[in-house]
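Here's the structure, in structure tokens; my notes come after.
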Amino acid sequence: MRVLGIESSCDETGVAIYDTERGLLAHRLFSQIAMHAEYGGVVPELASRDHIRRVLPLLREVLADCGLNLNDLDGVAYTSGPGLIGALMTGAAIARSLAWGLGIPAVGVHHMEGHLLAPMLEETPPELPFVALLVSGGHTLLVDVPQIGEYRILGESVDDAAGEAFDKTAKLLGLAYPGGPLLAKLAERGRPGIYRFPRPMVDRPGCDFSFSGLKTFSLTTWQNSGQTEQDKADIALAFEEAVVDTLFIKCRRALEQAGRRRLVVAGGVGANRRLRARLAELNAAVYFPRLAFCTDNGAMIAYAGAIRLQAGASEAAVIQARPRWPLTELLPPA
Ligand code: KG4
Ligand code: ZN
């Protein structure tokens, strides 16, 4: 079964084709980052309009990449939430209309399920069950996954998401949007041991996170420093170490609590090198998607949708999106 995947929940348009027998056939991405950078964050209306411009050209490209045409598709998957309502509606409208016109089924995919299943696209995919750490710009979740579609939340952020904390801290240090990768780059020049930031909530039981305090801690440290480029790099490093260490401690606890030996890491912050290196120290097998599939992409949506379509999922041909959508409301595909 060949499934077209469309991702348009935020500031990246991703289109991909996944074949349930042959694997991923093609994927393309257009990032709107340069457009939003001018405003220091995502402008929802601009995002929606740009998705409209990008989806069909990207679709033509992925079809050409794998020598297929529209009639070779057997199903369409699109991100139906969570995300920005206008951006989601763009993908939903295009996906549903294509499926209707081609007489094939379409299925709405949960964006976080897409992230969570992204490591399945790699050469050595994780076996189930596993614990998943989802760290993106909008979510920080630790989830026990006994089977695909059954998601038990072990912990989540009570305030800022990990990526959001990276972005906000980067912004107050004067870095461009989105600051996460730039802050990580800056931290490479930081000197270890100059500052030590707290590891929020590690003394409390459970696997919840809180990252907003670290942002404030960074700000006051910066204000009380000499405000040189070296101070900036030292603060970036101390901040990154604190986030990474906190994620490490909570992952270890979540694995113990759920009695699992496999950890899947997904979402944009999963691209962070320090985090990848630190999690390798866990007494568990750790699975990451390739760097390009840590951040938003169409391949993970095509994959998550293909599993549901293959299991016979059918939905009414209604164009709708769910900007808010708890992961725990999903059911297994069968
Ligand atoms: O999963 P994603 O592409 O979008 C959402 O669904 O939110 O994640 C984007 C987030 C941003 O906050 C970005 O700053 C962060 O992931 N990010 C990073 C790195 N690469 C991306 N944060 C830290 N280190 C990185 N290398
Ligand atoms: Zn995402």
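What's counted below: heavy atoms across the whole structure, side chains too, no hydrogens, waters or symmetry copies. Keep in mind the model is a prediction, meaning the values are calculated, not measured. In listed order, ligands and their atoms are each counted from 1.
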When you measure from atom 25 (C) of ligand 1 to each heavy atom in G114, P181, C294, A266, which option holds the nearest one? P181

Minimum non-hydrogen distance to atom 5 (C) of ligand 1, winning option of S9, S136, G267: S136

Under a single-linkage rule joining Ile, Leu, Val, Met, Phe, Trp and Tyr whose side-chain heavy atoms are separated by less than 4.5 Å, which residues share a cluster with L68? L4, I6, V15, I17, L25, F30, V55, L56, L58, L59, V62, L63, L70, L73, V76, Y78, I94, L98, L102, I104

Kindly give the cluster partners of L331, where membership spreads through any ILVMFWY side chain lying under 4.5 Å from a current member. none

Taking atom types as modelled and ignoring hydrogens, do the side chains of [X] and [Y] form a donor-acceptor contact shorter than 3.5 angstrom?
X: E38; Y: Y177; result: no
X: D65; Y: H27; result: no
X: E240; Y: N272; result: yes
X: D160; Y: S212; result: no

Plane angle bin for F166 and F239 - parallel if under 30°, tilted between 30 and 60°, otherwise perpendicular: perpendicular

Among protein heavy atoms, which lies nearest [atom], and at what distance?
atom: atom 24 (N) of ligand 1; value: N272 ND2, 3.0 Å
atom: atom 17 (N) of ligand 1; value: G268 O, 3.6 Å
atom: atom 2 (P) of ligand 1; value: D296 OD1, 3.6 Å
atom: atom 22 (N) of ligand 1; value: G180 CA, 3.7 Å

Would you call E240 a ligand 1 contact, heavy-atom distance under 4.0 Å? no

Just wondering, are more than 12 heavy atoms of other shown residues or ligands nearer than 6.0 Å to CZ in R49? no

Take a 6.0 Å sphere around CD of E127 and say whether it holds more than 12 heavy atoms from other residues, nucleotides or ligands. no

Can the positive tip of R278 be found less than 6.0 Å from the middle of the six-membered ring of F248, inside 45° of the ring normal? yes

Partners meeting side-chain hydrogen bond (donor to acceptor under 3.5 Å, both in side chains) with S9 (sequence neighbours left out): E7, H111

Between [X] and ligand 1, does any nitrogen or oxygen pair lie at a separation below 3.5 Å?
X: G137; result: yes
X: A184; result: no
X: G163; result: yes
X: R273; result: no

Contact atoms of ligand 1, heavy-atom distance to [X] under 4.0 Å:
X: G138; value: 7 (O)
X: T295; value: 3 (O)
X: H115; value: 1 (O), 6 (O)

What part of H139 sits under 4.0 Å from ligand 1 if we count only heavy atoms: the side chain, the backbone, both or neither? neither

Proximity of D167 to ligand 1 by residue part, where a heavy atom lies under 4.0 Å: side chain

Only one of F211, F197, W222 clears ring pair (Phe, Tyr, Trp, His ring centres under 6.0 Å) with F217; which? F197

Mind checking how many protein N/O/S atoms fall short of 2.8 Å from the Zn ion (ligand 2)? 3

To the nearest 0.5 Å, atom SG of C251 lies from atom CG of L133 at 4.0 Å

Going by the side chain to side chain contact (heavy atoms under 4.5 Å, CB included) test, name the single residue among L154, V264, V131, L134 that passes it with V143. L134

